[in-house]
Amino acid sequence: MNLRRDVFQAIADPTRRSILMLVAAQSMTAGAIASNFDTARPTVSKHIQILTECELLRSEQNGREIIYHLNPNKMKEIADFIEPFRQMWDDRFNKLESVMKAYQKKISNE
């Protein structure tokens with residue numbers, strides 16, 4: 001049975017979002033990632049495991065170290081999913097702005 005974690009559940013956690021931000025700036029080892037948090041290393045390792053299972057992070061063996069890289073293709077999938085919602089809200093705010101400008105103009109002319 002293949003239990004894949006949901007990418008949106010993964011990014012819902014603030015620690016995992018912080019890990020993604022760190023690794024987006026620079027590929028890092030688990031130890032380097034963990035050094036940025038006040039939690040236990042096993043806790044950070046679990047977060048890294050979840051992000052890797054969701055394919056948000058890719059791991060690369062480099063000698064004895066494992067380097068974690070951001071997977072931009074998976075991040076693009078998230079962005080592509082969210083884009084229609086962003087466009088919808090942009091349209092709504094633009095309409096609201098038009099209504100407010102028309103209202104202000106009407107008040108100014110009275």
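Owing to the predicted nature of the structure, the values given are computational and were not obtained by experimental measurement.
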- Item | Residues, nucleotides or ligands: over 12 heavy atoms within 6.0 Å of N109 CG | yes

Euclidean distance, [Y] [atom2] relative to [X] [atom1], rounded to 0.5 Å:
X: E97; Y: D90; atom1: CD; atom2: CG; result: 11.0 Å
X: N71; Y: C54; atom1: CG; atom2: SG; result: 11.0 Å
X: N36; Y: L22; atom1: CG; atom2: CG; result: 4.5 Å
X: E65; Y: M28; atom1: CD; atom2: CE; result: 12.0 Å
X: Q87; Y: I82; atom1: CD; atom2: CD1; result: 12.5 Å
X: E83; Y: K76; atom1: CD; atom2: NZ; result: 9.5 Å

Starting from [Y], can I reach [X] by hopping between I/L/V/M/F/W/Y residues whose side chains sit under 4.5 Å apart?
X: F8; Y: L51; result: yes
X: W89; Y: V99; result: no
X: I11; Y: F81; result: yes
X: F85; Y: I78; result: yes
X: I50; Y: L20; result: no

For [X] and [Y], which heavy atoms make the closest approach, and how far apart are they?
X: V23; Y: L70; answer: CG1-N, 3.4 Å
X: P84; Y: D80; answer: CD-O, 3.3 Å
X: A34; Y: R41; answer: CB-CG, 3.8 Å

- Task: Before giving the answer on side-chain hydrogen bond (donor to acceptor under 3.5 Å, both in side chains), spell out for R16 and H47 the whole-Å C-alpha distance, their side-chain angles and the decisive distance to 0.1 Å.
- Result: CA-CA 6 Å; R16 290 193 282 268; H47 287 301; 3.0 Å; yes

- Message: Any non-hydrogen side-chain atom of K101 less than 4.5 Å from a side-chain atom of K105?
- Response: no

- Message: Taking the side chain as everything from C-beta on, heavy atoms only, tell me whether T29 gets closer than 4.5 Å to I33.
- Response: no

- Item | Partner of I48 by side-chain contact (heavy atoms from CB on, under 4.5 Å), out of L57, T43, L56, I66 | L57

- Query: Are D91 and K95 ion-paired here, with the side-chain N under 4.0 Å from a carboxylate O?
  - Reply: no

- Does a side-chain N-to-carboxylate-O contact under 4.0 Å join R17 and D13? no

